[in-house]
Amino acid sequence: MPPDGPLPLVAVPGMLCDATLWSDVGFPDGHPVHHVTLAEPSVGELADSVMAATAGPFVLVGLSLGAIVGFEVVRRAPERVAGLCLVSTNAKAPRPEQYAAWRALDELAGDGRLDAVIERTLPGMFVRDPAPDRLTERYRRMARSVGARAARAQLTAQATRQDAFTALRTVRCPTTVVCGTRDILCPPGFHRAIADAVPGARLHEVPDAGHLLPWERPDVLTSALAGLVPAAHRRLARAG
């Protein structure tokens, strides 16, 4: 384990996403990557799943809900988090209209209409509407593989979110924040606020990219992790 061994990465996907979200991203060679499934009905339980994925310190790579779960990990066990890569996310508490939207989606999923949930969420995923067929079909396949049961758990978990800025201000590990300039779900202003809250955080705004950056611009995340992971390892080594 670090500082003598390779530093593990824990990859946490967003809602209706699984490990295939990261298929195009080049994780740094030699570092084990642990993928977390989002199947618990609260952010706290999801944070426990992340911390159980590996022993000791790790770099957390999270998109959207996955990054929100990362905020809770930081709140609960900051000593475990050696580095943070926060992608396409929001550190604010939910708004009333979000609660209403999640309830509507949960009702659809509960009625056996997962495909309707997928179609409602699809327009927010990519920079163009309609998005290229290769991306829309890929998203549909991934969301169907997640399934209605996990989707409902994720929607329930969304409603347990809370404002994360107090926790973010305590972060002392290397942190990279990445967003698309045309993300309609989590616009750049959300990410500027996160980067401002975390001391020393690096912000990457990706032109003409939307919410699912790992598919639209995997090269950006590959590059970001190539810098972040060694920085996290060096900090652990200095700490002893």
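Worth knowing before you read on, the calculation uses all heavy atoms, side chains too, and leaves out hydrogens, waters and symmetry mates. The chain is numbered in sequence order, starting from 1.
- Atom CZ of F58 and atom CE of M51 lie 7.5 Å apart (nearest 0.5 Å).
- Residues L236 and P57 form a side-chain contact, since some pair of their non-hydrogen atoms from C-beta on lies under 4.5 Å apart.
- Residues meeting the salt bridge (Lys or Arg N to Asp or Glu O under 4.0 Å) test with E72, sequence neighbours left out: R75, R76.
- Residues R80 and G56 come closest through the heavy atom pair NE-O, 2.6 Å.
- Between P28 and L9, the closest side-chain pair of non-hydrogen atoms falls below 4.5 Å.
- Screening residues 204-214 for salt bridge (charged side-chain N to carboxylate O under 4.0 Å, His left out), with sequence neighbours left out, gives R182-D208, R192-E205.
- Between D18 and R144 there is no salt bridge, since none of the side-chain N atoms of the basic residue sits less than 4.0 Å from a carboxylate O of the acidic one.
- Taking each heavy atom of T156 and P41 in turn, the nearest pair found is CG2-O, 3.4 Å.
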Exercise for review: In sequence, state the C-alpha distance, the side-chain angles, and the governing distance for V59 and V10, and then conclude on side chain to side chain contact (heavy atoms under 4.5 Å, CB included).
Suggested key: CA-CA 6 Å; V59 173; V10 178; over 6 Å; no
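- In terms of heavy atoms, N90 sits closest to R95 at ND2-NH1, 4.3 Å.
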Audit row: D183, V206, side chain to side chain contact (heavy atoms under 4.5 Å, CB included) steps and yes/no = CA-CA 10 Å; D183 185 343; V206 186; over 6 Å; no
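- With a 4.5 Å cut-off on side-chain heavy atoms, L63 and V12 do not count as touching.
- Of the possible donor and acceptor atoms, none in the side chain of S223 sits under 3.5 Å from a partner among the backbone N and O of V220.
- Note on residues 65-112: pairs passing ring-ring contact (aromatic ring centres under 6.0 Å, His included), not counting sequence neighbours, are Y99-W102.
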### Task
Starting from the C-alpha separation in whole Å, work towards a yes-or-no answer on side chain to side chain contact (heavy atoms under 4.5 Å, CB included) for I118 and Y139.
CA-CA 8 Å; I118 295 168; Y139 176 71; 3.9 Å; yes
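- Residues passing the side-chain hydrogen bond (donor to acceptor under 3.5 Å, both in side chains) test with S49: none are found, sequence neighbours excluded.
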### Message
Between V127 and E216, is the side chain to side chain contact (heavy atoms under 4.5 Å, CB included) condition met? List the steps.
### Response
CA-CA 9 Å; V127 71; E216 288 189 321; 3.5 Å; yes
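- In this structure, D115 and R140 have side chains that are not in contact, with every pair of non-hydrogen atoms separated by 4.5 Å or more.
- A salt bridge links R217 to D219: one of the charged nitrogens lies within less than 4.0 Å of a carboxylate oxygen.
- When all heavy atoms of S88 and L213 are compared, the pair lying nearest together is OG-CD1, 3.9 Å.
- In this structure the side chain of C179 never reaches within 4.5 angstrom of the side chain of F190, judged on heavy atoms.
- The shortest side-chain heavy-atom distance between C17 and L212 falls under the 4.5 Å cut-off.
- For the pair L84 and T176, the minimum side-chain heavy-atom distance is 4.5 Å or more.
- Summarising the geometry of G62 relative to W22, their closest heavy-atom pair is C-CH2, 4.3 Å, with the distance given to 0.1 Å.
- Atom SG of C186 is separated from atom NZ of K92 by 10.0 Å, given to the nearest 0.5 angstrom.
- Following chains of ILVMFWY side-chain contacts shorter than 4.5 Å, one cannot reach V146 starting from L135, and the two form parts of different hydrophobic clusters.
- A distance of 9.5 Å separates CG of L108 from CG of L114, quoted to the nearest 0.5 Å.
- Atom-to-atom distance recorded for L21:CG and L221:CG is 9.0 Å, nearest 0.5 angstrom.
- Side-chain contact annotation: S64 with H211, donor-acceptor N/O pair under 3.5 Å present.
- Applying the salt bridge (charged side-chain N to carboxylate O under 4.0 Å, His left out) test to residues at least two apart or on different chains, the pairs with a partner in residues 145-164 are D106-R152.
- Here the side chain of T160 pairs no donor or acceptor atom with the backbone of S42 at under 3.5 angstrom.
- Side-chain atoms of Q154 come within 3.5 Å of backbone N or O of L38 as a donor-acceptor pair.
- In this structure the side chain of T222 never reaches within 4.5 angstrom of the side chain of F27, judged on heavy atoms.
- With sequence neighbours excluded, no residue forms a side-chain hydrogen bond (donor to acceptor under 3.5 Å, both in side chains) with E107.
- Aromatic ring orientation, H233 versus H31: perpendicular (interplanar angle above 60°, classes split at 30° and 60°).
- For R138, the CZ atom sits in a packed shell: over 12 heavy atoms of surrounding residues, nucleotides or ligands are nearer than 6.0 Å.
- Residues V117 and A109 come closest through the heavy atom pair CG2-N, 3.8 Å.
- Panel note: side chain T121, backbone E119; no donor-acceptor pair is recorded below 3.5 Å.
- Using a distance-only test at 3.5 Å, with no hydrogens or angles considered, a donor-acceptor pair links the side chain of H191 to the main chain of T89.
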